[in-house]
Amino acid sequence: GAEGSTLMSYFSKNQTQALKPKITFSTLRDLQCPVLQSNELQGKPDESCSTEELFEWLGAVLNQVSLDNKSSSFLSTYCCPQPNIMVEKAFLCTITGFIIPEKIIQLLEQLCCYFGEPKLAYWLTLTVHGFADSPVSWRESEHGFHKGGENLYNFVIFRNLDYWLHMAVGTNDDCPP
């Protein structure tokens with residue numbers, strides 16, 4: 001209708017262009033990884049790490065924090081939670097841009113197919129960060145951008161296709177059902 005033609009003329013006048021998501025791949029070598037058991041959300045001493053420990057570790061890895069627990073010019077240090085194993089190679093793929101939910105579901109399905117063939121990995125993860133200044137949070141509630149901007153979820157998928165789901169939202173945001 002008329003609204004569509006007005007919208008199209010706006011975009012054609014203002015030199016807009018479609019942008020594709022930016023994809024980067026990296027290989028992490030000799031990475032200490034937490035030992036996880038799909039049925040142990042709280043973890044067990046000397047057997048497996050908890051969901052909270054994993055979530056914190058993932059944040060450190062994704063932000064390229066050193067995990068060697070050596071102090072330098074700062075006061076705090078971080079190391080991989082116990083128990084952990086040394087992984088010779090871990091692959092990190094980062095996709096930056098606007099990604100529709102259907103594509104995220106497709107990525108999740110492809111990751112689940114990874115375990116279709118015998119692999120050495122016991123688990124893998126998919127983390128989705130929403131835009132910090134997104135106007136909408138869960139259930140169409142206004143997003144508390146000015147309070148912190150947290151807006152993410154993370155799937156941890158295990159070899160047996162069990163999964164954990166972490167969700168982080170700001171203090172003023174609605175939680176999903």
Side-chain angles (χ1 to χ4, degrees), residues 16-29 31-43 48-67 78 80-81 84 87 89-117 119-177:
T16 58
Q17 62 179 348
L19 298 176
K20 294 188 182 226
K22 177 184 169 193
I23 302 173
T24 58
F25 297 96
S26 57
T27 301
L28 307 174
R29 300 207 181 269
L31 180 67
Q32 285 183 302
C33 293
V35 173
L36 305 176
Q37 298 294 329
S38 65
N39 60 347
E40 292 295 335
L41 297 173
Q42 302 303 317
S48 64
C49 296
S50 70
T51 59
E52 291 87 2
E53 290 172 315
L54 171 72
F55 196 60
E56 184 176 66
W57 175 84
L58 276 173
V61 170
L62 294 174
N63 286 294
Q64 301 174 357
V65 171
S66 172
L67 303 175
Y78 183 80
C80 185
N84 60 54
V87 174
K89 279 197 268 184
F91 298 101
L92 177 62
C93 174
T94 304
I95 303 171
T96 305
F98 183 78
I99 305 166
I100 60 174
E102 290 79 7
K103 290 292 183 186
I104 294 169
I105 291 168
Q106 190 178 21
L107 279 170
L108 190 58
E109 289 171 348
Q110 289 298 312
L111 288 173
C112 288
C113 291
Y114 175 83
F115 294 115
E117 298 176 23
K119 304 284 186 203
L120 297 176
Y122 292 100
W123 54 270
L124 51 84
T125 183
L126 171 67
T127 303
V128 179
H129 285 266
F131 293 104
D133 60 352
S134 171
V136 176
S137 184
W138 301 100
R139 291 193 255 173
E140 298 184 18
S141 295
E142 182 179 338
H143 181 48
F145 167 65
H146 297 291
K147 303 292 183 186
E150 298 87 357
N151 184 8
L152 69 99
Y153 56 95
N154 176 69
F155 283 96
V156 180
I157 306 154
F158 294 90
R159 193 182 282 180
N160 64 0
L161 297 184
D162 283 351
Y163 69 92
W164 294 348
L165 174 61
H166 300 104
M167 289 184 245
V169 294
T171 54
N172 292 338
D173 292 338
D174 254 353
C175 287

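Every heavy atom of this structure was used, including side-chain atoms; hydrogens, water molecules and symmetry mates were not.
Looking at Cys33 and Cys80, their side chains never come closer than 4.5 Å, going by heavy atoms from C-beta outward. Side-chain contact between Ile104 and Leu126 is present, with heavy atoms from C-beta onward closer than 4.5 Å. Lys103 places none of its side-chain heavy atoms less than 4.5 Å from the side chain of Leu107. The side-chain heavy atoms of Phe158 and Trp164, taken from C-beta on, include a pair separated by under 4.5 Å.
Interatomic distance, Leu62 CG to Leu28 CG, rounded to the nearest 0.5 Å: 9.0 Å. Note: Ile99 CD1 to Ile105 CD1 = 13.0 Å, rounded to the nearest 0.5 Å. Here Leu58 contributes atom CG and His166 contributes atom NE2; the two are 7.5 Å apart, rounded to the nearest 0.5 Å. Remark: Asn39 CG to Asn160 CG distance equals 8.5 Å, nearest 0.5 Å. Rounding to the nearest 0.5 Å places CD1 of Ile23 at 10.0 Å from OG1 of Thr94. Atom CD of residue Gln37 and atom CD of residue Gln42 lie 14.5 Å apart, to the nearest 0.5 angstrom.
Using modelled atom types, one side-chain atom of Thr125 and one backbone atom of Phe155 make a donor-acceptor pair closer than 3.5 Å. Between the Trp123 side chain and the Ser38 main chain, no donor and acceptor come within less than 3.5 Å of each other.
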Decide side-chain contact (heavy atoms from CB on, under 4.5 Å) for Leu108 and Ile157; before the verdict, give the C-alpha distance in whole Å, the side-chain angles of both, and the deciding distance to 0.1 Å.
CA-CA 9 Å; Leu108 190 58; Ile157 306 154; 3.4 Å; yes
When you look at Cys49 and Asn84, which way does the side-chain contact (heavy atoms from CB on, under 4.5 Å) test go after all the steps?
CA-CA 8 Å; Cys49 296; Asn84 60 54; 5.9 Å; no
Could you go through Leu92 and Thr24, starting from their C-alpha distance and side-chain angles, then the distance that decides it, and tell me whether this counts as side-chain contact (heavy atoms from CB on, under 4.5 Å)?
CA-CA 8 Å; Leu92 177 62; Thr24 58; over 6 Å; no
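Within a 6.0 Å radius of OH in Tyr122, other residues, nucleotides and ligands contribute 12 heavy atoms or fewer.
Nearest heavy atom pair, residue Leu161 against residue Cys112, reads CD2-O, 3.9 Å.
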